[in-house]
> 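Quick one: the structure is below, and I'll ask about it shortly.
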Amino acid sequence: MRNGGRIAAAIDVLTDVVNRHQPVKSAARDWGKRARYAGSKDRAWVSGLVLDALRKRNSIAHAMGDDSPRGLILGALAHAWGWNIRQIDDAMDEDHAPSKLTLEERERLVMAPDPVAPPHVQGDFPEWMAPMMARVFAEEAVVEAQAMAVRADVDLRVNTLKVDAEKASQPLRSAKAEESPLLINAFHIPARDPSERETSLESIPAYSKGWVEVQDAGSQIAAAAANAQAGEQVLDYCAGGGGKTLAIAAQMQGKGQIFAYDVDGRRLSALIPRLKRSGAHNVQLVHPSEPTQLVDLAGQMDLVFVDAPCTGTGTWRRRPDAKWRLKEKQLEKRMQEQEEILAAASAFVKPGGRLLYATCSFLMEEDEDRVAGFLATHPDFSEEDAAEAAIASGLLTEEGAAAVKRYRGPTGSVRLTPRRAGTDGFFFAVLRKAG
């Protein structure tokens, strides 16, 4: 495909996302089925342009004076990809391209960003969230949000149950993986140009052998704060696909027992092939259809890890379409769920044990507020220094240790963001039950 046809395709895909409320992945897949002639590079180009248009939706719409799919896609070419008017003109002259630029579009495409635009425009976040952004980031709300409107790196965790970092590094060179600056047993693949196709990690032998797992560095640091010890009894209460279950299993060196539970049995089932690939033999799945399994664990756990369901604001770099679907009622629902989950999970912590609460959200309403609410109704728990817990695991580099100390809150919890640490937005707090 030539660029003109790709631009037209991107407008079509974004139209489905905006008007039919489809996730980008689904809309792009549907377009790919209709456009059998499109190759993998074409699909990557189209998806990349759509995602960048969504990452910067507010600022592009403001610059273009147009929030239609056409306006957003054309604006993304200029304001996200750095195309000049001549490049855009050339593409619009090609076969299968959209109609040529109007005079107003041409004028808008060369305008500089508006330095006095409202924060939600400059930062590309929903307007209703402005008070929450200001609460957590104060005068840095715009720059923090802008760092969430770019493409994310890919982070890999080395599975030390099978291999060490040095050995794992050799086959990862083909994917241009670099050592993580934050974690000793991790690598990251810098974000590529959005028009380029990403390397398929599944095609790398190190992945199929179970040597590495895809896991954001922020998530890895939160798992490190669990500081799980060999021989402990651990419950991953919201295990989902099992990323943190596997990370904790590696910390425990295959000794002790990890119980992986999730209210959604389908998500839990996705952990089975990952377990086989990882070689973790001390993990037991607790299926929601067998509640007695869970009841028997009450008061027995050294560690209960709660990666709570949340709004996912910390993953906006990877899922920009979700940013614009988020509504106040959804946040309120998540906050109630988090309260209920924390209270339920705490029943499994034994005296002297610990409860780790984490979210992939940067909102204080889902983070500090939920921890404070829990502590107010559970006086037998107290908050500890989560940064020191992560450092004590021995999994952080000097730079990683400095980061968690720098972004430790007044009560001991830690919040990481793309701007602060180059990770997804992540929050974690460590709570100790009285002995």
Side-chain angles (χ1 to χ4, degrees), residues 157-165 180 182-186 210 213 215 217-240 242-261 271 274-275 278-286 293-294 296-308 342 345-358 380-398 400-401 404-405 408 412-414 426 428-435:
R157 180 183 59 79
V158 176
N159 177 18
T160 52
L161 292 175
K162 285 194 168 184
V163 69
D164 60 29
S180 169
L182 303 174
L183 295 134
I184 62 170
N185 293 318
E213 284 283 343
Q215 186 176 16
S219 177
Q220 292 185 54
I221 293 172
N227 196 15
Q229 303 297 308
E232 287 191 323
Q233 298 292 300
V234 176
L235 171 61
D236 187 353
Y237 191 73
C238 302
K244 294 178 186 65
T245 298
L246 297 175
I248 293 171
Q251 286 182 42
M252 297 170 66
Q253 302 168 25
K255 301 174 183 177
Q257 187 72 44
I258 305 174
F259 300 91
Y261 169 78
L271 176 54
R274 298 181 73 185
L275 278 174
S278 74
H281 301 299
N282 63 330
V283 178
Q284 181 176 332
L285 302 188
V286 181
Q293 280 187 288
L294 194 62
D296 291 343
L297 304 180
Q300 304 298 311
M301 298 294 104
D302 295 288
L303 165 69
V304 176
F305 197 111
V306 177
D307 184 6
L342 257 177
S346 68
F348 299 96
V349 183
K350 76 178 187 181
R354 57 206 187 279
L355 173 64
L356 194 151
Y357 175 73
D380 52 337
F381 281 84
S382 59
E383 187 167 1
E384 296 191 335
D385 191 320
E388 291 300 330
I391 294 168
S393 71
L395 296 173
L396 274 58
T397 63
E398 289 186 10
V404 294
K405 286 182 178 179
R408 174 177 48 201
S413 60
V414 174
F426 232 93
F428 54 95
V430 177
L431 313 175
R432 177 79 64 174
K433 187 174 183 178

> Minimum heavy-atom separation for Thr397 to Ser180, with atom names?
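Thr397 and Ser180 have their closest heavy atoms at CG2-O, 4.2 Å.
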> Is it the case that the side chain of Ser413 and the backbone of Ala429 share a donor-acceptor pair, with hydrogens and angles ignored and the cut-off at 3.5 Å?
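Judged by distance alone, no pair lies under 3.5 Å.
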> Is any side-chain heavy atom of Glu383 less than 4.5 Å from a side-chain heavy atom of Val430?
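A side-chain contact is absent here, since even the closest heavy-atom pair is not under 4.5 Å.
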> Give a yes or no answer on whether the side chain of Arg354 reaches the backbone of Val304 with a donor-acceptor pair at less than 3.5 Å.
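No, because the side chain of Arg354 does not come within donor-acceptor range (under 3.5 Å) of the backbone of Val304.
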> Any side-chain donor paired with an acceptor under 3.5 Å for Ser393 and Asn227?
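Distance-only check fails for Ser393 and Asn227.
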> Under the 3.5 angstrom rule, does the side chain of Gln251 hit a backbone N or O of Ala223 as a donor-acceptor pair?
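At least one qualifying donor-acceptor pair exists.
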> Where do Ala387 and Val404 come nearest, in terms of heavy atoms and distance?
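Closest approach of Ala387 to Val404, heavy atoms only: CB-O, 3.5 Å.
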> In Å and rounded to the nearest 0.5 Å, what is the CG to CZ distance from Leu356 to Phe305?
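Answer for the CG-CZ pair, Leu356 versus Phe305, is 4.5 Å.
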> So, taking the atom named OG in Ser219 and the one named CG in Asp307, what distance separates them when rounded to the nearest 0.5 Å?
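The distance works out to 6.5 Å.
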> Taking the side chain as every heavy atom from C-beta outward, state whether Glu388 and Lys405 have any pair of such atoms under 4.5 Å apart.
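With C-beta onward as the side chain, the pair touches.
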> How long is the span from the CZ atom in Arg432 to the CD atom in Glu384, to the nearest 0.5 Å?
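It comes to 4.0 Å.
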> Can you check whether Phe259 reaches Leu285 side chain to side chain, under 4.5 Å on heavy atoms?
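Contact flag for Phe259/Leu285 side chains = no.
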> Taking the side chain as C-beta and beyond, is there a heavy-atom pair between Asp164 and Val158 under 4.5 Å?
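No - every pair of side-chain heavy atoms lies 4.5 Å or more apart.
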> Verify whether one side chain among Arg157 and Gln220 offers a donor that lies under 3.5 Å from an acceptor in the other.
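Looking only at side-chain atoms, Gln220 and Arg157 do not form any donor-acceptor pair under 3.5 Å.
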> So, taking the atom named CD1 in Ile184 and the one named CG in Leu396, what distance separates them when rounded to the nearest 0.5 Å?
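Ile184 atom CD1 to Leu396 atom CG measures 8.5 Å (nearest 0.5 Å).
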> Let's go through Glu232 and Lys255 carefully: what are the C-alpha distance in whole Å and the side-chain angles of both, what is the deciding distance for side chain to side chain contact (heavy atoms under 4.5 Å, CB included) to 0.1 Å, and is it a yes or a no?
CA-CA 8 Å; Glu232 287 191 323; Lys255 301 174 183 177; over 6 Å; no
> For Ser278, is there any backbone N or O sitting under 3.5 Å from a side-chain donor or acceptor partner on Asn159?
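Yes, because the side chain of Asn159 sits within donor-acceptor range (under 3.5 Å) of the backbone of Ser278.
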> Give the C-alpha distance, both sets of side-chain angles, the deciding distance and a yes or no for side-chain hydrogen bond (donor to acceptor under 3.5 Å, both in side chains) between Asn185 and Thr160.
CA-CA 8 Å; Asn185 293 318; Thr160 52; 5.1 Å; no
> Measure the spacing between CG of Leu303 and CG of Leu355 and express it to the nearest 0.5 Å.
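So the gap between those two atoms works out to 8.0 Å.
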> Find out whether Ile221 and Leu395 are in side-chain contact, i.e. whether some heavy atom of one side chain is under 4.5 Å from a heavy atom of the other.
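Counting from C-beta outward, Ile221 and Leu395 never come under 4.5 Å.
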> Shortest non-hydrogen contact from Gly242 to Leu271?
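The pair with the smallest heavy-atom distance is CA-CD1, 3.7 Å.
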> Closest approach of Ala225 and Ala389, non-hydrogen atoms and distance?
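Heavy atoms of Ala225 and Ala389 come nearest at O-CB, 3.4 Å.
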> Nearest 0.5 angstrom please: Met301 CE to Ile258 CD1, how far?
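Going from the CE atom of Met301 to the CD1 atom of Ile258 covers 11.0 Å.
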> Using every non-hydrogen atom in the two residues, find where Ile248 and Ala228 come nearest and quote the distance to one decimal.
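Taking Ile248 first and Ala228 second, the nearest heavy atoms are CG2-CB, 3.6 Å.
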> Salt bridge or not between Arg408 and Asp385? Use side-chain N to carboxylate O under 4.0 Å.
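So Arg408 pairs with Asp385 through a salt bridge.
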> If we only count heavy atoms from C-beta on, is the Tyr357 to Leu342 side-chain gap below 4.5 Å?
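Tyr357 vs Leu342: side chains touch.
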> Run through Gln233, Lys350, Gln229, Gln257 and flag the one making a side chain to side chain donor-acceptor pair (under 3.5 Å) with Asp302.
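So, applying the side chain to side chain donor-acceptor pair (under 3.5 Å) to Asp302 and each of Gln233, Lys350, Gln229, Gln257, only Lys350 qualifies.
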